[in-house]
Every structure is written in C-alpha cells, then in structure tokens.
Number of protein chains: 2
Amino acid sequence: MKNKDDISKKPLTPAMEDYLEAIFNLGKEKRVVRVKDIAKRLGVKMPTVTSMLNTLSKRKLIDYEKYEYLELTKKGFNVGKEIHRRHHILRSFLTDILNVDLKKADKEACKMEHAVSASTLDRFIEFMEFIQFCPRVGLDWLKYFDEYRLHGQEPDKCLARMKEFESGFKGRIKTMEVVEDKK
Amino acid sequence: MKNKDDISKKPLTPAMEDYLEAIFNLGKEKRVVRVKDIAKRLGVKMPTVTSMLNTLSKRKLIDYEKYEYLELTKKGFNVGKEIHRRHHILRSFLTDILNVDLKKADKEACKMEHAVSASTLDRFIEFMEFIQFCPRVGLDWLKYFDEYRLHGQEPDKCLARMKEFESGFKGRIKTMEVVEDKK
DNA sequence: AAACTATATTTGATACATCTAATTATCACT
DNA sequence: AGTGATAATTAGATGTATCAAATATAGTTT
C-alpha cells in the first residue's frame, strides 16, 4: 500500500515559502514570533496566518501548538533561510545593478524569488561578482549605466567614457602588476 | 448604486495573463486558435481552458462563443502582446547575459514575467542595450563572464583580460575618433 | 482575583485554478 | 445523410489562499 499522504515530496507553494521566510526573518528580529507580526509582515489577516500555521505544522516545517510560541523546525529553517537568500540576492541585483528603488525592488524580489531556480540564482551571484571583482570595471562601470539610462546613448560621451575606462585600466593594470611582481 | 461588478479595474491574475500570451502566440503561429492547442501549450486539460475562456470573455479580453473560433479583443491583444514582450526580454536576459540554457530560461521567464513591473522591465532592456552598445564592451565582455563562471576568479587571467580590454579600447577609440573627426 | 485588552482561533464563506467523468457538438468520410 | 472520430463543454469535485464575524485564550491592570 502506498503512503497515505506522501506529503514530503510535494513541492512547497509560493505562499508557504513566503510564510517561512517571514518567520525566519521575524525570528532574527524578535525574541518570539507572533501571529500578529506575521500577518502584518505579509499583509494578510490573522486567521489566514493561523490556517497556514496548521498547514506548515502538518508538513513538519514548524513546531506549533495553538496559542503557544512557534518555531521553525530544521527543515523549515533551511527553507526560510534559502528563500531569504534568494530574496536578498535578487533585490541586490535590482537595486545595485538595475538601480530600481528599494521599495519596488523588495516587492518584486519577493515574487521573483519563487520564479528563479537555485542554479539561475547562482548565475545572478556570479554575474554580480564578475562585475565587481573582475575585470574590475565594476562600480565605475555601473555609474555609466546610470548615465546611459538617463541620457541615452550619446556618441561623444561614449567616447569620453571609453577614454576614462582606458586610463582607469592603465592605473589598475599597474597596481596589479606590482602585486603580481611581489609574489 | 455602484457598478454591480466593476470588473474593469480588477487586476488580471497571472493565469489570465498566461492564457492571453498563449492565445497571442498561437494566433501568430496558426490560422485558428483551438482549445486543444491552448491546453497543450499551457500543460492543462481542456475543461480548464474552457473555463478560463469564459472568464476572459466576461472580462472582454476575448471574443468567444462556445464551439466557435475565438479571438483576442483589442484589449486582450494588447495584454497578450505585452506579456509576450516581457517573456521575450527576460528570457533574453537569462540566456544571453546569464547563459542559462534555453529550456530553463523559458520556464523561468514565464514565471518572472508576472513578478516584474513595466518600469523594471525597462531597466532590463536598458541594461542589455548598455552592455551591447555603449561603451561597447558588450559581446567580448560577456565571454569573460563565461570564463569567470567556469574557472572562477584567477588574478593572472584577470590581468591578462584587462590588458586585452585596454588594447581593445585603444583600437575602438581610434575608430571612433576618426568617425568623430569626419563630422 | 476580576475585569479589561490584546491576541489568537474557529467557523463558515468566497475566489481561483485545476481535475475527472459524462455529455454534446463539429468535422470528415464513405 | 449517417456514422465514427475528434474536439469542446458541462457538471461536479478538490486544493489553496484568502476574508469577516464570532468566540476563546492570555496577559495586564487595578
């Protein structure tokens, strides 16, 4: 006979993930996690939270007895942490690279976090690392993106920018060569 | 008395948007759009499609009489086209910039398209334009991202890359100056 | 400890998207 | 025109996430 409800392999819904993330975050911010706070954080009413807590409890993602303090299980903690990580990375991408304002970035990251696989997320990370560390066109370079956004593509400026890049590179190459020589 | 069901200002659900996009795409691929094809495209059963067609019809997004050919209304067409555009742009970003494989990119773009606002989408576009057109580090530059992904950050290579960039820039600056002079 | 307030839960309802099984319509062919 | 195959719809059910109203519990204050 098959397992009656083999719940363990059913994927979590986006809503469940959002609750776990919220509980994870609240757990770091406050001594105890309250229904009221979860409701506020997620913009839902308290009965909705209670109902979801029962679901999460059935799926062994939280320890929960009614009217008592609730805690993430190991499993729930890992999910919450992972979703938080996704949120953080995607929001960084939106704010630091695309220059989206924080509030909007936060809202959109919250939806994107359910759309993007772990491997794609890794690409986002690598891409951001690449921009910042190697070949170190990073932060300066992104300022030009800003200018591009605001003023469009202006050939003269483009030339000027490239000259700046060139001399910037010269400086950096020197610095790096010195470091290399020391080794 | 208020409008009985002021449906016009209710936002569309992601599912509705997916159906409109699918109908939009099928409309371009085939003479007529069939329930069966929509079902196949979206991975749902036919009754689900029928039911959604009724919803879309009530909301004046399609012209639909049962058993007859269906067509997008002007409004539905615009939504379908917009969602298609989002899909396309996000997928491009994933495949062309982050190097995610096409199939995965397609699946993830399909979820991301409901998470990203029009203004953020514009930033994605501008960012991709910026990478490709100005300051023209574009395609070459992305090859280095690939290498970075695969081999990590290797200082020697980083230096080599920067030297390449520098000389590449020199060449381009020359070319551009010639063009500028002609003006 | 009694009373009041804040917090949480239960109950019952709604909306949405989906499914299976049963039914009905359309189309193509002989 | 009748029949069989394909396509579409209806009917009825399920699961998820939400809400408002009513109720119950916990915590605080006098």
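All chains are named by letter (A, B, ...) in the order of the sequence lines, taking the proteins before the strands, and each is independently numbered beginning at 1.
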- For B:Y19 and B:Y64, what are the C-alpha separation, side-chain angles and deciding distance, and is it a ring pair (Phe, Tyr, Trp, His ring centres under 6.0 Å)? CA-CA 14 Å; B:Y19 281 85; B:Y64 167 65; over 10 Å; no
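- Per the geometry, CG belonging to B:L56 stands 12 Å off C1' belonging to C:dA17, to the nearest Å.
- Taking atom CG on A:L42 and atom P on D:dA17, their separation rounds to 12 Å, with Å as the unit.
- As judged by a 4.0 angstrom heavy-atom cut-off over every strand, A:T48 is placed among the base-contacting residues.
- Centroid-to-centroid, the aromatic rings of A:F130 and A:F124 stay 6.0 Å apart or farther.
- Residue A:K45 contributes atom NZ, which lies 16 Å from atom P of D:dA22 at whole-angstrom precision.
- Closest-nucleotide positions on DNA chain D for A:G43 and B:E68 were compared, and the one nearer the 5' end corresponds to B:E68.
- Side-chain contact check for B:K107 and A:S117: no donor-acceptor pair (N or O, by modelled atom type) lies under 3.5 Å.
- Proximity of A:L20 to A:K81: side-chain heavy atoms (C-beta onward) are nowhere separated by under 4.5 Å.
- Per the geometry, CG belonging to B:L53 stands 13 Å off C1' belonging to D:dA7, to the nearest Å.
- Atom CD of B:E65 has 12 or fewer heavy atoms from other residues, nucleotides or ligands within 6.0 Å.
- Counting any heavy atom pair closer than 4.0 Å across all strands shown, B:T55 reaches no nucleic acid atom.
- The shortest distance between the side-chain N/O atoms of A:T13 and the OP1/OP2 oxygens of D:dA17 is below 4.0 Å.
- Of the candidates D:dA8, D:dA26, D:dT9, the closest approach to any side-chain atom of B:R34 belongs to D:dA8.
- The distance between atom NE2 of A:H114 and atom P of D:dA17, rounded to the nearest whole Å, is 11 Å.
- Between B:M46 atom CE and C:dC19 atom P the separation is 12 Å, expressed in whole Å.
- Across C:dT18, D:dT10, C:dT9, the shortest atom-to-atom separation from the side chain of B:N54 is found for D:dT10.
- Contact annotation: B:K36 reaches the phosphate of D:dA7 (side-chain N/O to OP1 or OP2, under 4.0 Å).
- The nucleotide whose nearest atom lies closest to any side-chain atom of B:Y67 is, among C:dT26, D:dA11, C:dT11, C:dT26.
- Regarding B:Y69, its OH atom lies at a distance of 9 Å from the C1' atom of C:dT26, rounded to whole Å.
- Comparing atom distances between the A:M52 side chain and each of C:dA17, D:dA17, C:dA8 picks out D:dA17 as nearest.
- Of the side-chain N and O atoms in A:K66, one or more sit less than 4.0 angstrom from OP1 or OP2 of C:dT10.
- To the nearest angstrom, C1' of C:dA17 lies 15 Å from CD of B:E17.
- Side-chain nitrogen and oxygen atoms of B:Y64 include none within less than 4.0 Å of the OP1 or OP2 phosphate oxygen of D:dA8.
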